[in-house]
Amino acid sequence: MPRPTFARVDLGAIVHNYRIAAAQAGSARAMAVVKANGYGHGIGAVAAALEADVGCFAVACLEEALAIRAAGSVHPVVLLQGVHEAADMALCGRQGFEPVLHSGYQADWLLAEQTRPQVWIKVNTGMNRLGFRPEELPALVQRLQTGGVSVRGFMSHFASADQAGSNKTEAQTRCFVEAVRPWPDKLRSVANSAAHFRAGQPLFDWTRPGIMLYGASPFVDRSAQSLGLKPAMSFESRLIAVRTLKPGEPVGYGETWRAPGQVTMGIVAAGYGDGYPRHAGTGTPASVNGHRVTLIGRVSMDMLAVDLTGVPQPAPGDTVELWGKQVSVDEVAKHAGTIGYELLTGLTRRVPRVYSTAEHPAGTD
Ligand SMILES: *Cc1c(COP(=O)(O)O)cnc(C)c1O
């Protein structure tokens with residue numbers, strides 16, 4: 001009998017969310033960002049579900065692009081971090097992958113190859129992580145064009161698009177527009193999920209929605225629901241024990257919580273070994289049989305405890321949603337001092353992904 005802990009993935013919700021991104025993108029097209037195993041949802045299943053709607057995928061690295069091909073996709077795949085060794089340039093060329101060039105050594109690798117992919121050039125407009133400075137572009141483009149390389153477009157990435165009060169995004173956008181002005185025939189791409197919802201933000205030719213596809217919010221202060229997004233993952237488990245605590249009894253490691261009176265509590269078969277955040281403390285919400293409850297004490301590796309006050313007749317076997325439709329992943333993340341991105345991508349291999357098209361854990365990935 002399998003452990004009753006799994007992630008239910010609603011592929012229809014991902015398609016719905018992609019369509020919201022595409023609508024927000026307006027005349028721009030939206031490439032679906034499916035890096036980090038489709039933000040934890042299973043890259044092959046996510047790519048297959050989106051294949052009919054999207055024209056392009058984006059991932060971090062070559063391994064992820066190959067997983068998309070293995071799932072049967074025929075679309076171009078942008079490698080946001082480019083390639084990590086010279087020989088991979090030729091593989092990109094053969095597979096229809098479009099690596100980003102963010103450093104000079106990648107341009108050297110590309111120019112040394114016979115089988116060349118189309119490439120994107122990363123422009124550093126103020127994130128200061130990767131990319132060429134605007135003043136470095138003319139010499140780079142000249143060198144690539146002389147070498148016969150096909151540059152598809154330019155991209156940049158925003159540092160603070162999720163912060164309404166910041167004008168950093170506008171400054172980065174202006175910097176980008178100026179930097180790429182000499183090459184009006186090339187594609188331009190800047191927008192992550194948050195940028196789709198910024199009033200007046202130019203979205204250029206291609207947007208790059210990631211987190212919103214999975215129904216989590218890119219903003220700290222705006223819920224996914226308020227953006228019209230549907231949660232794609234429900235992290236579910238069951239109660240494996242129901243117990244009554246006497247007043248003053250502690251629960252779990254370190255005795256960080258004590259029963260204020262007689263308390264009915266449940267033990268859930270999920271913990272940080274599954275990717276549930278250990279930093280989620282007492283008071284973090286969950287749902288038992290559709291009733292909201294809160295965590296008590298510390299999260300263990302394989303289990304956690306909830307206060308069952310308010311749940312009628314709780315019993316072992318009752319269903320628990322740790323995040324999903326009733327408790328958003330963003331709410332849990334807030335309690336753990338992090339963001340939904342980290343929880344979704346951090347779900348471990350121990351947790352089977354069960355797809356909405358399958359009724360049974362036989363359809364796992
Ligand atoms: C991950 C990533 C995105 C998607 O960002 P979200 O905030 O998840 O929408 C877009 N562009 C680049 C370069 C990325 O690395």
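Both counts, for ligands and for their atoms, begin at 1 and track the order of listing.
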Can you confirm whether the side chains of [X] and [Y] place a donor and an acceptor under 3.5 Å from each other?
X: H102; Y: Q106; result: yes
X: Q201; Y: T173; result: yes
X: T338; Y: H279; result: no

Can you report which non-hydrogen protein atom sits closest to [atom], along with the distance?
atom: atom 7 (O) of ligand 1; value: Y341 OH, 2.6 Å
atom: atom 12 (C) of ligand 1; value: H157 CE1, 3.3 Å
atom: atom 1 (C) of ligand 1; value: K35 NZ, 1.5 Å

Quiz item: Looking at ligand 1, does any of its N/O atoms fall within less than 3.5 Å of an N/O of G210?
Solution: yes
If we set the cut-off at 4.0 Å for heavy atoms, which region of [X] has an atom near ligand 1: side chain, backbone, both, or neither?
X: S193; value: both
X: M212; value: neither
X: R208; value: both

Quiz prompt | Element-labelled atoms of ligand 1 that are located less than 4.0 Å from some non-hydrogen atom of Y39 | solution = 1 (C), 4 (C), 5 (O), 6 (P), 8 (O)
Self-check item: Numbered atoms and elements of ligand 1 in range of I211, under 4.0 angstrom, heavy atoms
Solution: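 Those atoms are 6 (P), 8 (O), 9 (O).
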Exercise. Quick one: sort the Y276 and W323 rings into parallel, tilted or perpendicular, breaks at 30° and 60°.
Key: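 Parallel.
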Exercise. Can you label the angle between the H75 ring and the F57 ring as parallel, tilted or perpendicular, going by 30° and 60°?
Key: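 Aromatic pair H75/F57 classed tilted.
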Quiz item: Going through the checks in order, is the side chain to side chain donor-acceptor pair (under 3.5 Å) test met by Q172 and T125?
Solution: CA-CA 5 Å; Q172 285 192 263; T125 56; 2.9 Å; yes
Quiz item: Name the one of L66, I68, N37 that satisfies side chain to side chain contact (heavy atoms under 4.5 Å, CB included) with V59?
Solution: I68
